[in-house]
Amino acid sequence: MPPNVMAQRELQLSLPGSAAVTPTTAAPAPATGTTGMATPMATEEREGPAEVAAGVRGVAAGVVAGLNEPQADAVAYTSGPLLVFAGAGSGKTRVITYRVANLVARERVPPYRILAVTFTNKAAQEMSHRLRDMLGDAARDVWVGTFHATCAKLLRRHGTAVGVASNFVIYDSSDQKSVMTRVLRELELDERRYPPRMVLGRVHKEKQEGRRPEQMNIDSYMDEAIQKAYRKYQEALQAAAALDFEDLILRTLDLCESKTPEAAAVLRKFSYVLVDEFQDTNATQYALLRALSSQTNNLCVVGDDDQSIYRWRGADVRNIRGFRSDYPNARVVKLEQNYRSTQTIVAAALGIIARSSTREPKELWTSNAEGDPIISLGTSDERDEAAHVVAGIHDARASGISMSDIAVFYRVHAQSRVLEEALRAANLPYQIVGGTKFYERAEIKDALSYLRLLVNPASDVDMLRIINSPPRGIGQTTVERLASLASSRGEPIFETLGAMDAMEPQSQASGKPLFQASAKKRLGQLQVLLRNLKEASSTLLPHELFDRVIAQTGYRAALEADDSSENEARLENLAELRGSIEDYGVEAEARGESPTIQGFLERVSLQSDTDDMNETERVTLMTVHGAKGLEFQVVFLTGMEEDMFPYRGMNDSQGMDREQLDEERRLAYVAVTRARSKLIVTHASARQIFGTTRWSSASRFLSDIPPELIEERMTPQARGASAGGRYIDGSSRARGNIPTGRFEHPQSLGPVSPPPRAPARPTPPPGERYVDDAFFDDSGEEGEVLRRGSKVLHVRFGEGEVRKVLDLGEPAVVAYFPGWGEMKVLARFLKAR
DNA sequence: GATTGTGAGGTTTTT
DNA sequence: CCTCACAATC
């Protein structure tokens, strides 16, 4: 993870402090709304060194020093609900950590009674580290973790009160999908009308909004089918002692509401609850937070509605926007000073977000230097783009910027490949965050399934996964019969397997034995194998168990048997998995816990690849989503084209709705605000994506940035493409004022060339209009909007339909004209129909 | 029962 | 472009 330079910068100011702010704990919460505390700044207030709790490294006094006024306010306000709007780069994490430190060191709140919740492990880790720096050992007892990890922890301890087995396993999305597939089959629902993905999506949505099957709104036959599937899916999970991600939250909420002694204990547990990225919470998560803080109402939520980018995942930005009405006496603090970025970058970000249709009013500002202009680079295609990103990285390095302080962002992972190739060819070290996940590889999933099955034999998904892996002669027919036998007996497959010896199951139809002798024998062997491993699992260390599993199951042997390069890679992956099990063991012991397989598995299922970024000297490639919460000196924001960003799916039809567009806009805002001093945005006129070529114009978000902040450029290739391209209408591409500068790192730039200018357009004849560049317009209300599907009229080709919109320095399209085919035409030669 | 091939479908972002 | 599901074949 890149170092938080802002923090470093500020800590220099803050640490000498023996100054402290008068605790404002007792102050009544004024209803004045925003930042209105008149608390003097730390530097103006003198106190003797504050008493320091044992084990706390003298930070109590410094806790509030070095914070600006609203920050200090948020840290010091400790009695009741608190809502912090934290603009990008405004020192949000800092406020949370200082707040926790203040609670422990000054307010003497026992660390184990503080809960700080984040969304990503990455954020949780960073918070832990910072707390450790401030509080030392006391930090260990603060509950810091993601929603999911926190819930898992609570459920392991107390879940039995609401019927959650303490050895539950967590099903990831592919596990979930296979459960759902089986459910849908059992319900005999048509796979085309009810794709598992879709049904699962609907079920998740219900769960995210806290609705059980019986609470669903049923408006159609399909809803009814989904309701059935939802029920059955939950039954299947319950039978397998498995939880999906939503269940982790929902069942913890159940626990809280259960009126059991365990519930009482959990509800009493935390006297302070803090949440980071509150704008990303869904209804269930919010309900859980409310429950966990219900005894004291000391709920502190920190977030930024402008950075709400997970609506698709159930996040409800109304949680943060409506917090004040849920907690009318909440103190509201707005952190509006940005410490991260240049004025130029902040202004650009504001230009983008300003057009969002709904926002909590706030003014982000900075006292940082103006900085360099943003470079907007037009490229011909994704390869050209990648080549110039590489060139830009070289330039940045030449000006002394560390590789780990450079990032390349893209909207979707699919864009990473070309960039990756270019970086590799240029010998630039890089790391890709996210994407194809290690833990999704087949061999890893197989190995983990064995381990999970040993912890929780009821987990049918795992059983079905490994039953014939490595191949042991148990075929589809046998598996199906076994599974249906188990389900008719109402027990997990593992149990049925164990009972095989004692019974002679017969087919109901024919009365013949259900299993052939050979099949039965093989099932018996598997049963013995698993039983032996299970016995061993209680005595062996996790990595030893792993070794035994891949040895005794024949998994390793099967891979070694044929030494293809794929199998070699698989063996390496398994070795890597073993390594991470060992690492886990070491860490667990360091924490004074004894390592267990269950502990390891939990870590795995709640961890994403995004989490382990290291600080080595490498350029970071990631999606914009992955970038949230991070910052880099230099940021390349690629693929800034209409259709890519804002991203539109494949469905060729209509555009996106306002809400989607707003979310894309916020995403763009997040992307831009990651940059500290340099932002280079790139767009390509043509892009190969998902196997087809897409032509598009520059993103509307670029035109929302005040033009004076941007320096427009084109790569030679892009210029060549537009200058050399001949059009059927014979239009000349020759135009004046095309900048000719090489692409270099902004800091080493010469004089800025003026942006390319479209040639003056002739006045349209009376009664005619020219279709023009109004397709940058969000609202579609002014001007003529030219987009896919628009009907156009050309003087020679007649009526046509727009297939692609492109930016060739001026608006142009690929349009289909019956009798002519697809033609590339400048928009100014077209009339709208 | 296993292996291989073909086709179709879907393609965002993540705990 | 990729994955997955299913069919045909050994």
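Residue numbers begin at 1 in each chain, while the letters A, B, ... track the order of the sequences.
Using modelled atom types, no side-chain atom of A:Asp384 and backbone atom of A:Asp381 make a donor-acceptor pair closer than 3.5 Å.
The phosphate of B:dT11 has OP1 or OP2 within less than 4.0 Å of a side-chain N or O from A:Arg197. Side-chain N/O atoms of A:Thr146 include none lying less than 4.0 angstrom from OP1 or OP2 on B:dT14. Proximity of A:Ser605 to the phosphate of B:dT15: no side-chain N or O atom is located under 4.0 Å from OP1 or OP2. Between A:Thr477 and B:dG1, a side-chain N or O to OP1/OP2 separation shorter than 4.0 Å is present.
If you check C:dC1, B:dT15, B:dT14 against the side chain of A:Arg417, the one that comes closest is C:dC1. Out of B:dT14, C:dC4, B:dT3, the shortest distance to the side chain of A:Pro471 is found at B:dT3. You'll find that the side chain of A:Val412 is closest to B:dT12, out of C:dC6, C:dC2, B:dT12.
Distance, A:Phe409 CZ to B:dT13 P: 15 Å, rounded to whole Å. For the pair A:Tyr310 OH and B:dT14 P, the interatomic distance rounds to 6 Å; values are reported in whole Å. As rounded to whole Å, 16 Å separates atom P of B:dT13 from atom CG of A:Leu637. If you take NE2 of A:His204 and P of B:dT12, they are 16 Å apart, rounded to a whole angstrom. Distance A:Ile170 CD1 to B:dT15 C1': 10 Å, rounded to the nearest Å. Distance CZ (A:Arg441) to C1' (C:dC2): 15 Å, rounded to an integer number of Å. Atom-to-atom, CD1 of A:Ile689 to C1' of C:dC2 comes out at 12 Å; the value is rounded to the nearest Å. In this structure, A:His413 atom NE2 and C:dC2 atom C1' are separated by 14 Å, rounded to whole Å.
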Review point. Stepwise, does the ring-ring contact (aromatic ring centres under 6.0 Å, His included) test hold for A:Phe278 with A:Tyr286?
Key: CA-CA 9 Å; A:Phe278 183 63; A:Tyr286 184 30; 5.4 Å; yes

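Within residues 186-194 of chain A, no residue is approached by DNA chain B to less than 4.0 Å at the level of any non-hydrogen atom.
The nearest heavy atom of DNA chain B to A:Glu246 and to A:Pro195 marks one nucleotide each, and the one closer to the 5' end goes with A:Pro195. Along DNA chain B, the nucleotide nearest A:Glu664 and the nucleotide nearest A:Ala519 are compared for position; the residue whose nucleotide lies closer to the 5' end is A:Ala519.
Residue contacts shown for A:Ser173 are absent, as no nucleic acid heavy atom lies under 4.0 Å away. Residue-level contact check: A:Arg687 touches neither bases nor backbone, having no heavy atom under 4.0 Å from any strand. Here A:Phe245 lies in heavy-atom contact (under 4.0 Å) with a base. Within the nucleic acid shown, A:Asn468 comes within 4.0 Å of sugar-phosphate atoms alone, with no base atom in reach, counting heavy atoms only. Nucleic acid contact for A:Phe147: none, since no nucleic acid atom lies under 4.0 Å from a heavy atom of the residue.
A:Ser459 and A:Tyr171 share a donor-acceptor pair across their side chains, judged by distance under 3.5 Å alone. At a cut-off of 3.5 Å, with distance as the only test, a side-chain donor of A:Asn567 or A:Arg570 sits close to an acceptor on the other residue. Side-chain polar atoms of A:Glu277 and A:Gln279 form a donor-acceptor pair below 3.5 angstrom. Using a 3.5 Å distance cut-off with no hydrogens or angles, the side chains of A:Asn319 and A:Thr281 do pair a donor with an acceptor.
Ring-base stacking between A:Tyr647 and B:dT13 is not satisfied when judged by a centre separation under 5.5 Å and a plane angle under 30°.
Between A:Leu184 and A:Tyr194 the shortest heavy-atom distance is CD1-O, 3.4 Å.
A:Trp312 contributes a side-chain N or O that forms a donor-acceptor pair with the base of B:dT13 under 3.5 Å.
Using a 30° and 60° split on the angle between ring planes, A:His204 and A:Tyr233 fall in the perpendicular class, above 60°.
A salt bridge links A:Lys207 with A:Asp244: the closest approach of a Lys/Arg side-chain nitrogen to an acidic carboxylate oxygen falls below 4.0 angstrom.
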